[in-house]
2 protein chains.
Amino acid sequence: MVQIQADARGTKAHGKRREILDAASFCFRERGFHATGMRDVAARAGMTVGNLYYYFRNKEELLGFCQEETLQRLDGLARELGRSGLPAAERLFLLIEGQVVCLNEGIPGSLAHLEIPESEGAKGDRLRKLRDRHERRIRRLIRQGMTEGAFRELDPKVATLAILGAVNWTVRWFRPEGGASAREIGRAFAEQLVRGLLAEGEPFEAPDDDDIPIHGEDDDE
Amino acid sequence: MVQIQADARGTKAHGKRREILDAASFCFRERGFHATGMRDVAARAGMTVGNLYYYFRNKEELLGFCQEETLQRLDGLARELGRSGLPAAERLFLLIEGQVVCLNEGIPGSLAHLEIPESEGAKGDRLRKLRDRHERRIRRLIRQGMTEGAFRELDPKVATLAILGAVNWTVRWFRPEGGASAREIGRAFAEQLVRGLLAEGEPFEAPDDDDIPIHGEDDDE
DNA sequence: GTAGGATTTGAACGATGGTTCAAATTCAAG
DNA sequence: CTTGAATTTGAACCATCGTTCAAATCCTAC
């Protein structure tokens, strides 16, 4: 079977792959990876299942690309925040907010995007590295907050897991047509999760997110 | 095919069903519902797949019983805390702690236990009711905390979702052989999630959990 | 030991789902 | 229009999975 190159540069093929990835992301989000069939994805992308295999080698590869996209976006967000020079607590706030927006606006994220099975190979290693790096960044931020005196003494790992749990789980219930935008939810979550770390008597004010471009399109909702 | 009655009272059959439910809970937790096969469950329970069908009508019923168990345990926990007379903030703390313990000690909980598809029938309605009731209890607690002046002004629904996300996601990473017990994790989570709701300048001290029997066996670890 | 009910077995069925692939169709350049 | 590459189609393959069921085996009471 002829299959297109993974690094297709052709505008048309690239656009097609984009469409497929969108469709896959949507399906994975709605039904999970295992309950999503390739025929589902194909149907959503407006093609036949055989055609889908012209663009992606198999289901696993499809998921891998979805995962990479998501993790790259989170990575980019964290990098920009890293350059902001804000105190750790505020950076953490914006990172939480940004992640909620990342996962719930524009191209949908799903839990499948964030879970990488142990046995995967080189690609899996790369993805796991990306994912773990993200987690380490949050831990580092928490540790910095403690160093700066903003946060109380606590285990950064556990706190990170609480944050990631709350944030990642948003994909299960957030709906764009709901009452609140992803940004609003993100801010409320960040408020709760960051305040929960504060040292006794430590004041905190939620930072503006105007100067930090949160990936997830415009705010003119 | 002959199938045993759903309300089997026989000690032997009851014990067998218990074993199967344990096996299923374990498998669902490790692999998710859809990626778990009935043969997996049967193997784990030490029987053949045909035998498994003697005890449970089908995969869906098996999941339904698992879900009901989990939700009943959470219900029981919430009821006991409802009788404690503690302030809302403390009750919320213990509820969070208890839920983490519920999901991660003894019979394992899984995400599958907590997600009930829309199209399910009467049994699904019952389960959804149980689940929704649990969620409403948390919301009510948060509202009470606000009334009592302990919590700042916020949306109880969003705060509840943050709590449930963080707590439910523990099933994805918690391992009994890890460094911390479910109770310790539960307390750290509760600390973070409850403190995050406090009004400015409001003191808070984590309550003892000695007098409230948290379902999840003994603490002598 | 016998009888009948309880439980288990193991093979098979039908559906589903990931994947393949030859043929058909479309597209683009000369 | 022709040619060759790109893309799509649709049927089929094979493996897996949920489920079934007759026969075998086990268990218990008389």
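Below, chains carry the letters A, B, ... as their sequence lines are ordered, and counting in each starts from 1. Everything numeric in this text was worked out from a predicted model, so none of it was measured.
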*Could you walk me through whether A:D75 and A:R137 pass salt bridge (Lys or Arg N to Asp or Glu O under 4.0 Å), step by step?*
CA-CA 10 Å; A:D75 193 54; A:R137 277 207 182 99; 2.8 Å; yes
Closer than 4.0 Å, any side-chain N/O of [X] to the OP1 or OP2 of [N]?
| X | N | result |
| --- | --- | --- |
| A:K16 | D:dT8 | yes |
| A:T48 | D:dT9 | yes |
| B:Y54 | C:dT8 | no |

Distances for protein N or O near nucleotides 14-18 of chain D N or O, under 3.5 Å:
| unit_1 | atom_1 | unit_2 | atom_2 | d |
| --- | --- | --- | --- | --- |
| D:dG18 | OP1 | B:T36 | O | 3.2 |
| D:dG18 | OP1 | B:K59 | NZ | 2.7 |
| D:dG18 | OP2 | B:M38 | N | 2.8 |
| D:dG18 | N7 | B:R39 | NH1 | 2.9 |
| D:dG18 | O6 | B:R39 | NH2 | 3.0 |

Atom pair distance, as rounded to whole Å: [atom1] in [X] and [atom2] in [N]:
| X | N | atom1 | atom2 | value |
| --- | --- | --- | --- | --- |
| B:F56 | C:dT7 | CZ | C1' | 15 Å |
| A:E19 | D:dT7 | CD | P | 13 Å |
| A:N51 | C:dC21 | CG | C1' | 13 Å |
| B:M47 | D:dT19 | CE | P | 16 Å |
| A:Y55 | C:dT20 | OH | C1' | 17 Å |

Side chains of [X] and [Y]: closer than 4.5 Å at any heavy-atom pair?
| X | Y | answer |
| --- | --- | --- |
| A:L154 | A:I142 | yes |
| B:N168 | A:R172 | no |
| A:E68 | A:R126 | yes |
| B:E97 | B:F189 | no |

*asked:* For A:E61, is there any backbone N or O sitting under 3.5 Å from a side-chain donor or acceptor partner on A:K123?
replied: no
